[in-house]
Amino acid sequence: MATPQKLQKLSGPHCVLLAVQYATESNITSLRVLTALREAHLPLELVLSILLTYLPEETDPVIYRVYLNELAMGSRNPGEGPTASLNISSVEGQSDSRAKKKRKALELLPLSHPLYATETELDAFSHFLIHRAHRIDAQTGLLDLVPQLVTPFLGHSEYLRTWFISTVLPLLRLSYEYYPQTATSSLDEFAPLKGRRAVEYQLSNLHHERRNGGDNQHLGRDLRGVVAPWMCGATERKRRRLTGEARRASITEQPPQEPDDWACLFDWLVRTSKQDLSLVTRAITEWDGPEDMDLGGYEEGRDYIDDDTQRRLEIQYAQTALASLYLVEKNDVETVKTAHSLLRRIFDLLNYDPPPELDIDVEALPSYDLQDPLLHESTTAVLTEERLLEFDNVLTTPGQSSARVLELVLFSAWVLSSLQQSESIRKLAKMSLRDDYPEQLSLLQKILHRLGGGSKKDSDQWIIIRSKLLWLWNWGTDSHEQDRHAQGIIGMLERKTVETEILKALLESSNYPLIVQTYIQSSSQQAPLPLADVEKVILKSVMHHYDNASNGNRTRGGMKRAADIVTAFSPHFAASSRFQRTQALLSATHAMSFYSLILQHGVPFQPVNIRVSSDPLALIQKLLSQNLSSYTKLDDLITIGQNLVISMPATIMDEDDDDELSQLDTTAIESKKAAAERRVIGMAIDAALEEGDFETAYSYVVNRLSLPTPSLKSPKSFHHDPLEQDDSAEDVPWQAALRAGSYTSSSNSWSYTSHARPDLRRLEQRMDLLSQALLLAPPSHLEEILSVWTQCETEMTNLLAQETEAETRFNDAADRKLPGAFTNDTITVQPRREVGRGAAEEAPMGLFDVTRAATAALSKSVFPLRSNTQMSKEGTGGSSRASMDLSDAGSHEDRVRRRDLVANAATGALASGLGWMLGAKPVND
C-alpha cells in the first residue's frame, strides 16, 4: 500500500502511467484518489483521455458515474483514507527517464470524436461523453449503456442534450424498442446520416413490414418517436455541414445545396404516396406534424422549434398532404377511399369543414364556387413531382381554393369509378389542366360504351348516370371560363355534345321511354337537345344498325334493332320526311331479304349494299336474274322499287338534304313512284322474255305500261337520284314494248292441218306491242320501231299468202271432185280462226274474205292506237307525253296530228302490201 509520502515522490509521468493502469483495471476508486491527490499532474482533459482510451467500454457506467460527475463539477474528492487503497508497486521502481519514455509512448485518444471535431461549442467533458458513447457502441454494441452514461449529464450542456435526443434516442428506439428483431446501424454509422438518406433509413423498417404483410400501424409512432427527435438536431447538423463546406471552400467554390431535413421528410412522404398512399395516409392521420414529437421527456420542457419555424413547417406539412394526392397513379376504388380519408385529414389540419362522404346522392356532390380559376390558369408543369412542394404552387399551397379543387378532382375520380371508368386523381388533374377536347370526348365515350356493354340498366339507373355525367361536365355550376363550356373535367365539351353522347348510349341500351321523356317530351324549361338534333341522332343510330346488319330481314340482328328504333320513335316524328324515307328503306330491304341475291365476287347481299349503291333499283335487275320466275311477283317488286326510290338511301343522312326534303310534295313523290314502277315493269318484262315467257311479258306491256304523265319536278332536284333523269325513266315503256315486240320464239312450224294458228296469234301480239311502242316512243325512235314493224308485216304477208294458197288448193280440189265419185283423198276442213285478239267472226273461206279479215286485223293492230290514245287521255286526265313532240314547242293539236301522221304512215305501209288484193291505189300523202 502506498503512503502519502511515496505517492508525492512519484513524478508526473509515473502518475499518468499509474492512472492508465487503474483505468485499464477499471479501478475507479484508486483512480479517483490518484487524480484527486495529484490533480496538478492529472488535469481534467488528460484524465478524460485516459478514461476514454483505457477504461474498458463494457464497464457499467454506473460504476464511474459519480467520479465523472466530480470531474465535470471540478470538485475532486479523494475520500477517507485515500492512500490506503493505492497500489503503486507497478511504477515506483521505474526510473524517471523510463517513466517519461513510457508516457511518451502512450497513445491517448482525442476527446472529440472526428464527427464533432469542428464543434466549438462543446467543452471537454461533453466531447468525452459523446466520444465515449460512440466507443461503447462501436466496441461492444451495447448501445443501451449509453443512456446510463449520458443522461445524468444532460444538463451539462444543451448541445449534449440535443445530441442525445436527436442521435442516441432514435437509434435506441429502432434497435431496442421498435424493431429489436432487425439489425440496425451503429452510432458511428447513424450519426453522420443526414437528409434523405437519414429519413429513408429511419423509416426503412416500414417498407420491410409492409412487404411481410404488416398493416403499417407504426408509421405515426415512428414519425413521432424516431424521425421527430432526430429533427431536433437539424440545426447542429446544418452547422456541422456548413463548417465542413467552409473548410472545403478552397476546393469547391459553390458546394451543392442540399434540402434541409424537414424538406427531406416531406419529400419522402410525397414520393411514398406514389406506391403506397395508404401508408402516407396513415402517417398523416396519426401524426400531427412537426409539433408532434416524442422526446422521451429528455427535453424537460424545451422547444426545439421556434414559433415562426413551426408555422412554416405546418404549412409545408399540409402542402405535403395535398401534394401526396396529386401523385396517386392507382385508380381502384380502395385508393379513392384512402384518398378521401386523407382529404378529410387535410381539411382538419386546415380547420375547414370536412368534405362530404363519398356515398352521397348526385345532388349533394360538391360544386365549383371559386373566384380564381386555379386549374384553367395553370399548366401540367405544376404537377411535376419536383414542383409539387414549391411554396408558390397554386395547387398544393394550402388554402380554400386548392383544397376545393382537390376535393372536386377526388370526387370526380369517385364518380367515374361508380360509372365503371376508374381514373387516378393525377390523371384527372392533368386532364383538367390540359383542356384537351379529344381526350375529354374520348373519356365520355369510353364511359358510355362501358356502361352500355354491361348488364342492362333500367330508367332510374340511367337517370342517375346522366346526372353524374352532367356533374362531371360542370361540377355543379353554370359559370364557366371563356375558353370552356363548363368547369368540370370534361368541361371543354359543349352541353350539346354531352347530351348527344348520352342519347346515343340510351339508344344502344334500348331505353326508348326514357329518351322520349328526357329528350322529346322534356318538361324542363330548356330541352336538353333541339328536336331536330334528337331526330338526327336517332336516325344515325338506325343507319348504324342498318349498315352493320348481315341480313335484310327486319326480325333479325341489326335490322331488328333498326326497325325497333324506327317503330318506337316514328309516332313522335310523324311529319319527318327522314323518318318516312327510313321506313321506306327498311320495308324495301325486308322485302328483298326473301329473295336470293349474290353480288360480285360471290359476296352475299347485305343491307349496306343498298346505301352505297348509286342506283339501288339496279339491284332489282340482279334479283330478277338470280331468282327464277321472280318476275311474276310484279306488285312486290314494284313496291320494293318505289320504296327504294322515295327513300333515296345514299343521301338519307346528308345534312344538305334537309331543305330539299321539306319541299317534297305529294305530286313529286307520286311522279317518282310512277317512274320507278315503269322501270321495274320494264325489268320484269326483260326477265320474262329471258325465261321465254312471252305471254307474261305481253300482258305486262299491254296491261301495266301506259303513257306516262309529264314529269312534275320538285322545287329542288334530288341528289344522286337515278330516276331524276325523266327521259330515261319515260323511255322504259316504249323500249320494253319494243323489246317484247321484237321477241321471236324458237318454234315457228305450222301445218295446215293444225286446229289453231299460234304463229299468227303471236305475230298479232307482237304487232300489238309494236303499236304500243309507236304510241309511247319519241319521234326520234319511230324509224327503229317501224323497221321491226316492217319485219312483222312481211311475216304477216307471208303467213297470209301461205294460208291463201292452202285454201286455193283446197277449193280447187273440191271443184274437181265429180258428184257421186268416190275418192280416197281426205280434205282437211279449214278450222275457225281468230283474227286479232278477241275476234268473234268466223275464218274467211274465200280470197276476198281472207283479204277482208287481214284488213280487220290491221284495223285492230294499228288503228286501235287512236282508240288507245283516247283511253289514255281519259285515264290521265287528257295529258299527253311531251317526248312525243317532234319539236320542243307546239300545241296539243299539233302533237295529236303528228302522231296520227305516224300512225297513218304505218297503216299506209301495211296497206301497200295488201293493196293489190283490194285494188286500192297507194297513198301518196
Geometric cation-pi criterion, Arg221 with Tyr179: 6.0 Å, 45°: yes
Does the side chain of Ser459 come within less than 4.5 Å of Asn511's, by heavy atoms? yes
Indicate yes or no: does Asp294 engage Arg173 in a salt bridge with an N to O separation below 4.0 Å. yes
Between Leu295 and Tyr304, is any pair of side-chain heavy atoms under 4.5 Å apart? yes
May I ask you to decide whether Arg224 forms a salt bridge with Asp292, counting only side-chain N to carboxylate O separations under 4.0 Å? yes
Under a 4.0 Å threshold between the charged nitrogen and the carboxylate oxygen, would Arg484 count as salt-bridged to Asp435? yes
Residue pairs, two or more places apart or on separate chains, that pass side-chain hydrogen bond (donor to acceptor under 3.5 Å, both in side chains) and touch residues 158-168: Tyr116-Trp163, Glu119-Tyr159, Glu158-Arg302, Tyr159-Arg240, Arg161-Glu300
Can you confirm whether Leu514 sits close enough to Gln517 that some side-chain heavy atom of one is under 4.5 Å from a side-chain heavy atom of the other? yes
Look only at the side chain of Asp137 and the backbone of Leu187, and say whether a donor-acceptor pair between them is shorter than 3.5 Å. yes
Could you tell me whether the side chains of Ser126 and Ser157 share a donor-acceptor contact shorter than 3.5 Å? yes
Ignoring hydrogens, what is the shortest heavy-atom contact between Leu115 and Pro192? Give both atom names and the distance. CD2-N, 3.9 Å
Side chains of Leu327 and Leu383: closer than 4.5 Å at any heavy-atom pair? no
Arg312/Asp307 salt bridge by N-O under 4.0 Å criterion: no
Can you name the closest pair of heavy atoms from Tyr201 and Leu174 and give their distance? CE2-CD1, 4.1 Å
Could Glu439 and Lys430 be called an ion pair, given the rule that one side-chain N must be under 4.0 Å from one carboxylate O? no
Could you please spell out the steps behind the ring pair (Phe, Tyr, Trp, His ring centres under 6.0 Å) verdict for Trp471 and Phe411? CA-CA 10 Å; Trp471 182 87; Phe411 272 88; 7.2 Å; no
Assess whether atom NZ of Lys496 is packed by more than 12 heavy atoms of other residues, nucleotides or ligands within 6.0 Å. no
Does Ala413 have any side chain to side chain contact (heavy atoms under 4.5 Å, CB included) partners at least two apart in sequence or in another chain, and if so, which? Val336, Ile425, Leu428
Sidechain-backbone polar pair: Gln202 side chain, Pro170 backbone, donor-acceptor under 3.5 Å: no
Can you list everything that forms a side chain to side chain contact (heavy atoms under 4.5 Å, CB included) with Thr335? Sequence neighbours excluded, please. Leu277, Val328, Lys330, Asp332
Heavy-atom side-chain contact between Arg434 and Thr380 under 4.5 Å: yes
Taking ring-ring contact (aromatic ring centres under 6.0 Å, His included) as the test, write out the residues that go with Tyr512, two or more places apart. Phe569
Between the side chain of Thr497 and the main-chain N/O of Leu493, is any donor-acceptor distance below 3.5 Å? no
Atom CG of Asp478: over 12 foreign heavy atoms under 6.0 Å: no
Between Thr272 and Leu269 (side chain of the first, backbone of the second, donor and acceptor by atom type, cut-off under 3.5 Å), is there such a pair? no
Look at Glu314 together with Arg311 and state whether they make a salt bridge at an N to O cut-off of under 4.0 Å. no
Candidate pair Thr281 and Arg345, rule side-chain contact (heavy atoms from CB on, under 4.5 Å), full reasoning: CA-CA 9 Å; Thr281 300; Arg345 175 61 174 163; over 6 Å; no
So does Asp460 get a backbone contact from the side chain of Asp458, meaning a donor-acceptor N/O pair under 3.5 Å? yes
Taken in chain and number order and not counting sequence neighbours, the residues that satisfy side chain to side chain contact (heavy atoms under 4.5 Å, CB included) with Glu508 are Ser541, His544, His545, Arg561
Ignoring hydrogens and angles, tell me if any N or O in the side chain of Asp361 forms a donor-acceptor pair with the backbone of Glu363 under 3.5 Å. no
Min side-chain heavy-atom separation Leu419-Leu472 under 4.5 Å: yes
Is a side-chain donor-acceptor pair under 3.5 Å present for Trp262 with Thr309? no
Contacts of Asp188 that satisfy salt bridge (charged side-chain N to carboxylate O under 4.0 Å, His left out) - sequence neighbours left out: none
Quick one: CD on Gln319 to CG on Leu395, what's the gap to the nearest 0.5 Å? 10.5 Å
Heavy-atom closest pair (Ala198 atom, Trp230 atom, distance to 0.1 Å) is CB-CZ2, 3.1 Å
Less than 3.5 Å apart, any donor N or O on the side chain of Gln421 or Glu423 sitting next to an acceptor on the other? yes
Give the intermediate values and the outcome of side-chain contact (heavy atoms from CB on, under 4.5 Å) for residues Ile502 and Val498. CA-CA 6 Å; Ile502 296 173; Val498 177; 4.0 Å; yes
Do the charged groups of Glu390 and Arg387 touch, with an N to O distance under 4.0 Å? yes
Side-chain donor-acceptor pair under 3.5 Å between Thr477 and Gln487, yes or no? no
How about Leu433 and Val382: do any of their side-chain heavy atoms sit closer than 4.5 Å? yes
Has the side chain of Ser432 got a donor or acceptor atom that lies under 3.5 Å from a matching backbone atom of Ile489? no
All ring-ring contact (aromatic ring centres under 6.0 Å, His included) counterparts of Tyr326, not counting sequence neighbours: none
Decide yes or no on side-chain contact (heavy atoms from CB on, under 4.5 Å) for Val150 and Val168, but give the supporting numbers first. CA-CA 10 Å; Val150 177; Val168 178; 5.9 Å; no
All side chain to side chain contact (heavy atoms under 4.5 Å, CB included) counterparts of Gln526, not counting sequence neighbours: none
Side-chain donor or acceptor of Ser418 paired with backbone N/O of Val415 under 3.5 Å: yes
Considering only distance and modelled atom types, tabulate donor-acceptor pairs under 3.5 Å from the side chains of residues 349-360, sequence neighbours left out.
unit_1: Tyr352; atom_1: OH; unit_2: Gln400; atom_2: N; d: 3.2
unit_1: Glu357; atom_1: OE2; unit_2: Arg344; atom_2: NH1; d: 3.2

Counting N and O atoms only, with roles assigned by atom type, does the side chain of Arg450 sit under 3.5 Å from a partner on the main chain of Gln445, one being a donor and the other an acceptor? no
Any side-chain heavy-atom pair of Glu499 and Leu470 under 4.5 Å: yes
Do we see a donor-acceptor contact under 3.5 Å between the side chains of Asn331 and Ser417? no
Least distance between heavy atoms, Pro366 atom then Leu408 atom: O-CD2, 3.6 Å
Quick one: ring-ring contact (aromatic ring centres under 6.0 Å, His included) partners of Trp414, sequence neighbours excluded? none
If a pair satisfies ring-ring contact (aromatic ring centres under 6.0 Å, His included) and one of its residues is in residues 430-463, list it, with sequence neighbours excluded. none
Could you pull out all residues at least two apart from Tyr519 that satisfy ring-ring contact (aromatic ring centres under 6.0 Å, His included)? none
Between Arg196 and Trp268 (side chain of the first, backbone of the second, donor and acceptor by atom type, cut-off under 3.5 Å), is there such a pair? no
